[in-house]
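I have placed the structure first, in the form of structure tokens, so that the comments after it can refer back to it.
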Amino acid sequence: MLFVTVLYLIFLAAPILLLLMGSFGEVWSNTLLPQGFTTRWYLEIAADPSFRRAFVTSLQVVAATCVLNVIVGLPLAYAIHSAAHRGVQFAARLAALMPVAAPELVLAFGFILVFSSDTLPWLGSFWLLVAAHLVLTLPYSVTTLLADMEQMRLADYEGVAASLGAGFAQRVRDVVMPLLGASLTSSLLTVAALSIGEFQISNLISGFLSRPYPVVLLQAFYGATGFACAATVVLLVLAAIASVASSLTARATASGRTG
């Protein structure tokens, strides 16, 4: 079992290590490993206006997606958790998870059909791209929040606050938000990691001026190998930072509860 686990970890790590080596390699052509050492590929990425614009666009999309996940996801999770009827809860959970079950290609074609019409000519716009990222990431934030609401028995805390005369707005401010703060942060970091690396639906619905980094990254593979590796490493680092931060936040939250 240990041998299989080690092989699996090597299988996962090998492509990342090769990308990292290739990003610093001077030449990589018809050889197992790159030759030479250089940092010019990263300098070229920083100097490339299309990559700089795509990088900024990705950060803007991620920020907008996270904000909308708070505005939409938190009330949605709270409404599902507060639903009195079990059937309503089940149906709402199922509807919230539908974007995970549907292939991204199907969702993208749906966006194309709806938003390329004369009535809604928004295909290629920045905010349509944000809306697509919201659809893809919302199930993850809602699922995380729902799980924590149930685990920490939020309804019991609210019941105690209500018995002491706290109204709905006061309960949200003094009970719900403090208890869900760490959970919300963890879910948003997960959303950020997913949004940063999202390619398929972004490639189909983004416009020329609203292309995020993963879409522009595709054109790097038509040029120098080192440039393509360096551009990919940048994306991996961004996604890894968000993923590690999300894991650390979730661990800190769990430790705080057990402590």
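Because the structure is a prediction, the values reported are computed rather than measured.
- Val172 is listed as a side-chain neighbour of Phe168, based on a closest heavy-atom distance under 4.5 Å.
- Side-chain N or O atoms of Arg211 include none that pairs as donor or acceptor with a backbone N or O of Asn203 at under 3.5 Å.
- Remark: side-chain polar atoms of Ser187 are paired, donor with acceptor, to backbone N or O of Leu184 under 3.5 angstrom.
- Listed here is the closest heavy atom pair of Leu204 and Ile112: O-CD1, 4.0 Å.
- Ser195 and Val61 make their closest contact through OG-CG1, 4.0 Å (heavy atoms, listed as atom of the first residue, atom of the second, distance).
- At least one donor-acceptor pair under 3.5 Å links the side chain of Glu198 to the backbone N or O of Ile201.
- Within the 4.5 Å cutoff, the side chain of Val142 has no heavy atoms near those of the Pro139 side chain.
- In this structure a side-chain-to-backbone donor-acceptor pair under 3.5 Å is missing from Thr143 to Tyr140.
- Residues His133 and Ser202 are in side-chain contact: their nearest non-hydrogen atoms beyond the backbone lie under 4.5 Å apart.
- A 4.5 Å side-chain heavy-atom check between Met177 and Leu74 finds at least one atom pair inside the cut-off.
- Under the 4.5 Å side-chain heavy-atom criterion for Ile, Leu, Val, Met, Phe, Trp and Tyr, Leu194 and Leu236 are members of distinct hydrophobic clusters.
- How far CG of Leu12 is from CG of Leu7: 11.0 Å, rounded to the nearest 0.5 Å.
- Atom CZ of Phe37 has more than 12 heavy atoms from other residues, nucleotides or ligands within 6.0 Å.
- No path of Ile, Leu, Val, Met, Phe, Trp and Tyr side chains, each step under 4.5 Å between heavy atoms, connects Val191 with Leu189, placing them in separate hydrophobic clusters.
- Between the side chain of Thr190 and the backbone N or O of Ser186, at least one donor-acceptor pair lies under 3.5 Å.
- If you take CD1 on Ile196 and OG1 on Thr65, they are separated by 10.0 Å, rounding to the nearest 0.5 Å.
- Nearest heavy-atom pair, Leu146 versus Ala77, reported as atom, atom and distance to 0.1 Å: CD2-O, 3.3 Å.
- Side chains of Arg40 and Phe24 form no contact here, defined as non-hydrogen atoms less than 4.5 Å apart.
- Using a 4.5 Å cut-off between side-chain heavy atoms of Ile, Leu, Val, Met, Phe, Trp and Tyr, with links allowed through other members, Tyr8 and Leu17 fall into different hydrophobic clusters.
- In this model, a donor atom of one side chain and an acceptor atom of the other lie less than 3.5 Å apart for Ser23 and Tyr42.
- Distance CG/Leu238 to CG/Leu59: 7.0 Å, rounded to 0.5 Å.
- Remark: side-chain polar atoms of Ser210 are paired, donor with acceptor, to backbone N or O of Gly124 under 3.5 angstrom.
- Arg52 contributes atom CZ, which lies 12.5 Å from atom OH of Tyr213 (distance to the nearest 0.5 angstrom).
- Taking each heavy atom of Pro75 and Val70 in turn, the nearest pair found is CD-O, 3.4 Å.
- Following chains of ILVMFWY side-chain contacts shorter than 4.5 Å, one cannot reach Met21 starting from Leu43, and the two form parts of different hydrophobic clusters.
- Rounded to the nearest 0.5 angstrom, Leu123 CG and Ser206 OG are separated by 9.0 Å.
- The hydrophobic clustering, which links ILVMFWY residues whose side-chain heavy atoms are closer than 4.5 Å, places Phe115 and Trp127 together.
- Judged by distance alone, with hydrogens and angles left aside, the side-chain atoms of Ser183 form no donor-acceptor pair with the main-chain N or O of Leu180 at under 3.5 Å.
- Side-chain atoms of Ser125 and Leu128, non-hydrogen and from C-beta on, do get closer than 4.5 Å to each other.
- Side-chain atoms of Trp122 never come within 3.5 Å of backbone atoms of Val114 as a donor-acceptor pair (strictly under, hydrogens ignored).
- Remark: Thr57 OG1 to Phe51 CZ distance equals 12.5 Å, nearest 0.5 Å.
- Side-chain contact check for Glu26 versus Trp41: every heavy-atom pair is 4.5 Å or farther apart.
- Under 3.5 Å, the side chains of Asn69 and Thr137 contain a donor-acceptor pair of N or O atoms.
- The side-chain heavy atoms of Tyr78 and Leu145, taken from C-beta on, include no pair separated by under 4.5 Å.
- Checking side-chain atoms of Arg171 against main-chain N and O of Val176 turns up no donor-acceptor pair under 3.5 Å.
- Of all heavy-atom pairs spanning Phe111 and Ala132, the tightest one is CZ-CA, 3.7 Å.
- Here the shortest heavy-atom pairing between Ala192 and Val62 reads CB-CG1, 3.7 Å.
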